[in-house]
Amino acid sequence: MSGKTNKVVVLACSGIGKVYGAIARETTYELMDRVRPGVVVTTCLPLLVIEDSDAKKLITDNPVITIDGCPKSCAHKSVEAQGVKPARTYQAINFYKAHKELKPDGIAELDENGRKLAAIAADELAQVVDELAAGGGK
Amino acid sequence: MITLEVLKVGIVSCSGEAIPEGTLSRIACRKVLDELRPGEAVTICLPLFIAGGSEEREFAAKYPTITVDGCEKRCAQKSTEKLSGKPARSLLIPEILKKHGIDAPTSLRNLRREEKAAAQVVAEEIARTVDEVLNA
């Protein structure tokens with residue numbers, strides 16, 4: 001084992017139509033800004049749609065976690081469309097199913113429940129991030 | 001008998017999770033859909049052009065489309081052109097901000113008060129473009 005700490009790429013749903021897209025994004029920002037700053041990075045999902053070379057290299061060189069907001073699974077499928085298998089895939093609605101006391105609302109901006117739910121989800125994903133960063137996923 | 005169909009405009013927004021202009025674009029587009037032109041505009045999640053099926057790819061054929069991009073990479077415009085159809089109009093957030101003398105946003109989340117005001121200005125610009133497309 002090299003001891004190298006990888007970056008872990010977290011890609012969120014891009015949706016602007018459903019609350020769980022917003023939960024996916026907020027969870028990603030929580031991971032980047034508070035839970036694992038310096039380890040978790042993200043990129044714009046649409047960059048994969050236009051096959052941007054930098055975005056493609058980022059997901060090729062590092063383990064990827066996708067968080068989708070609906071069953072169409074755009075984040076997951078967009079990574080696979082580049083020939084990359086995500087290390088872990090999540091549906092944001094399952095964060096709510098595990099914490100039904102926090103029913104989220106809001107699309108452009110989440111309400112307090114939504115922000116709390118995303119913070120909890122990010123805390124719960126921290127262990128997975130650590131495993132992947134330590135080389136457990138790629 | 002003449003059938004009058006109520007025409008709607010399709011808006012494809014940059015989602016830009018990694019840039020503040022993407023957040024501004026998402027919030028401005030939702031304002032257009034929910035507050036400024038409700039019932040006159042619809043949207044689609046941009047990655048559905050790849051992840052979805054033929055119905056999603058027909059979006060720009062079904063609706064005259066406005067793309068709103070957060071940076072010069074123009075993911076919304078390019079994706080729509082490549083996978084769905086030629087947009088009726090293509091807007092760029094930095095150009096709108098420059099036109100109104102507004103500084104670029106710096107927040108990825110939790111927009112500051114002045115950034116929320118910028119989102120309103122951008123939304124009004126998009127709404128005017130919706131009117132132009134509907135009246136063209």
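All chains are named by letter (A, B, ...) in the order of the sequence lines, taking the proteins before the strands, and each is independently numbered beginning at 1.
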Given the rule that I, L, V, M, F, W and Y join up when any side-chain heavy atoms are under 4.5 Å apart, are [X] and [Y] in one cluster?
{"X": "A/V35", "Y": "A/L110", "value": "yes"}
{"X": "B/I93", "Y": "B/L91", "value": "yes"}
{"X": "B/I126", "Y": "B/L111", "value": "yes"}

Open item on the list: Are there over 12 heavy-atom neighbours, none belonging to B/K98, within less than 6.0 Å of that residue's NZ?
Closed with: no
TODO: Determine, step by step, whether B/K78 and A/E51 satisfy the side-chain contact (heavy atoms from CB on, under 4.5 Å) criterion, reporting the C-alpha distance in whole Å, the side-chain angles of both residues, the deciding distance to 0.1 Å, and the verdict.
DONE: CA-CA 11 Å; B/K78 288 179 184 172; A/E51 303 197 345; over 6 Å; no
Please give me the minimum heavy-atom distance between [X] and [Y], naming the atom from each residue.
{"X": "A/Y29", "Y": "B/T23", "value": "OH-OG1, 4.0 Å"}
{"X": "B/G16", "Y": "A/C44", "value": "CA-SG, 3.5 Å"}
{"X": "A/L47", "Y": "B/C75", "value": "CD2-SG, 3.5 Å"}
{"X": "B/C45", "Y": "A/I16", "value": "SG-N, 4.1 Å"}

- [ ] State, without any angle test, whether B/E17 and A/T43 hold a side-chain donor-acceptor pair at a distance under 3.5 Å.
- [x]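 Distance-only check fails for B/E17 and A/T43.
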Open item on the list: To the closest 0.5 Å, what do you measure between CZ (B/F49) and SG (A/C74)?
Closed with: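 Atom-to-atom, B/F49:CZ and A/C74:SG are 10.5 Å apart.
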- [ ] Look at A/E30 together with B/R109 and state whether they make a salt bridge at an N to O cut-off of under 4.0 Å.
- [x]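 Yes, A/E30 and B/R109 are salt-bridged.
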Open item on the list: Are A/S14 and B/L46 packed together at the side-chain level, in the sense that at least one heavy-atom pair is separated by less than 4.5 angstrom?
Closed with: no
Open item on the list: Under a 4.5 Å cutoff for heavy-atom pairs, which residue among A/L11, A/T42, A/I50 has the most contacts with chain B?
Closed with: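 Maximum pair count with chain B is reached by A/I50.
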Task: Side chain, backbone, both or neither of A/C13 within contact of chain B (heavy atoms, under 4.5 Å) - done: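 It is the backbone, since no side chain atom gets that close.
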- [ ] Run the numbers on B/D34 and A/I107 for side-chain contact (heavy atoms from CB on, under 4.5 Å), then give the verdict.
- [x] CA-CA 11 Å; B/D34 298 338; A/I107 297 173; 5.7 Å; no
Open item on the list: I'd like to know which of B/A76, B/C29, B/G52, B/A51 tops the heavy-atom pair count under 4.5 Å against chain A.
Closed with: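 Of the options given, most contacts go to B/A51.
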- [ ] Could you check A/D54 against B/K73 for side-chain contact (heavy atoms from CB on, under 4.5 Å), going step by step and ending with a plain yes or no?
- [x] CA-CA 12 Å; A/D54 292 337; B/K73 294 204 172 187; 4.3 Å; yes
